[in-house]
Amino acid sequence: QVQLVESGGGLVQAGGSLRLSCAASGRTFSSYAMGWFRQAPGNEREIVAAISRSGGSTYYADSVKGRFTISRDNAKNAVYLQMNSLKPEDTAVYSCAASSVLGVPRDKWVFGSWGQGTQVTVSS
């Protein structure tokens, strides 16, 4: 398995930006597709974005498409989520996750390693 630690969350006004980072350690990072998920109080965990092992393919939830960008740096064992034009409804705990599935997985059940999460709060 791979160990994951997120950073970069915080409080931001609507319309602002944040960049989340996820540092990975353990087995070969480039062997994993990566995803960012979020969970707001009372809601189920949902996928925000995912990226393939090489970084050549990505997926975005409709709610964040055009505002968020997922990227990875396999040399640094890191994955990022650039969040622009933030809205109050983006408020949630954001977690990164790793999957050994090929391609760009979207189902949370195929992600076997999870970080502890970082809080993102967007004020109106």
Side-chain angles (χ1 to χ4, degrees):
Q1 289 193 345
V2 60
Q3 290 74 47
L4 304 170
V5 178
E6 303 94 336
S7 60
L11 173 64
V12 64
Q13 288 189 332
S17 298
L18 282 174
R19 187 191 193 212
L20 304 184
S21 298
C22 173
S25 61
R27 298 179 65 181
T28 308
F29 178 68
S30 59
S31 298
Y32 296 92
M34 298 298 295
W36 283 99
F37 292 78
R38 68 185 180 187
Q39 186 169 20
N43 290 354
E44 290 190 1
R45 179 178 284 173
E46 62 177 1
I47 189 165
V48 175
I51 191 166
S52 63
R53 297 178 180 187
S54 67
S57 299
T58 57
Y59 164 82
Y60 296 95
D62 287 343
S63 58
V64 306
K65 201 171 294 183
R67 300 188 297 124
F68 290 11
T69 302
I70 188 171
S71 62
R72 67 188 295 162
D73 186 335
N74 286 344
K76 295 183 178 180
N77 284 6
V79 62
Y80 309 99
L81 185 68
Q82 178 67 43
M83 305 186 295
N84 298 329
S85 303
L86 282 161
K87 305 175 181 180
E89 51 264 43
D90 294 319
T91 295
V93 174
Y94 285 70
S95 301
C96 66
S99 171
S100 58
V101 171
L102 290 174
V104 187
R106 308 174 187 182
D107 191 334
K108 60 187 175 184
W109 304 112
V110 302
F111 287 83
S113 298
W114 293 83
Q116 82 288 350
T118 185
Q119 177 71 46
V120 172
T121 302
V122 184
S123 63
S124 58

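Just so we're clear, the structure is a prediction, and the values are computed from it rather than from any experiment. All values below come from the heavy atoms of this structure, side chains included, with hydrogens, waters and symmetry mates left out. For this chain, numbers begin at 1 and follow the sequence in order.
Side-chain N or O atoms of Y80 include none that pairs as donor or acceptor with a backbone N or O of T69 at under 3.5 Å. With hydrogens and angles ignored, the 3.5 Å screen pairs no side-chain donor or acceptor of R72 with any backbone N or O of G55. Of the possible polar contacts, one joining the E6 side chain to the Q116 backbone as a donor-acceptor pair under 3.5 Å is found.
Between F68 and W36, a ring centre-to-centre spacing not shorter than 6.0 Å is recorded.
Across all non-hydrogen atoms, the minimal contact from L4 to S113 is CD1-O, 3.5 Å. Taking both residues in full, the closest heavy atoms of A33 and P105 are given as CB-CD, 3.5 Å, listed atom of the first, atom of the second, then distance. A40 and A92 get closest at one heavy-atom pair: N-CB, 3.9 Å. In terms of heavy atoms, F29 sits closest to D73 at CE2-O, 4.2 Å.
Y60 and M34 fall within a single hydrophobic cluster, where Ile, Leu, Val, Met, Phe, Trp and Tyr are joined by side-chain heavy atoms under 4.5 Å apart, directly or via other members. Transitive grouping of hydrophobic side chains (ILVMFWY, heavy atoms separated by less than 4.5 Å) keeps F111 and Y94 in distinct clusters. Residue L20 is grouped with residue V122 when hydrophobic side chains (ILVMFWY) are merged at heavy-atom distances under 4.5 angstrom, including chains of intermediate members. Hydrophobic clustering keeps V104 apart from Y32 (ILVMFWY residues linked when any side-chain heavy atoms are closer than 4.5 Å, directly or through intermediates). Taking hydrophobic clusters as Ile, Leu, Val, Met, Phe, Trp and Tyr residues chained together by side-chain heavy-atom distances below 4.5 Å, L86 does not share a cluster with F37.
Each side chain to side chain donor-acceptor pair (under 3.5 Å) pair with one or both residues in residues 98-110, not counting sequence neighbours, would appear here, but there are none. For residues 42-57, the set of pairs meeting the side chain to side chain donor-acceptor pair (under 3.5 Å) definition, not counting sequence neighbours, comprises R38-E46.
Annotation: side chain of M83 is not in contact with side chain of V48 (no heavy-atom distance under 4.5 Å). For the pair Q119 and L11, the minimum side-chain heavy-atom distance is 4.5 Å or more.
Atom-to-atom distance recorded for I70:CD1 and C96:SG is 9.5 Å, nearest 0.5 angstrom. Residue S21 holds its OG atom at 9.5 Å from CG of L81, rounded to the nearest 0.5 Å.
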Just do the salt bridge (Lys or Arg N to Asp or Glu O under 4.0 Å) check on K87 and D90 with the steps written out, would you?
CA-CA 5 Å; K87 305 175 181 180; D90 294 319; over 6 Å; no
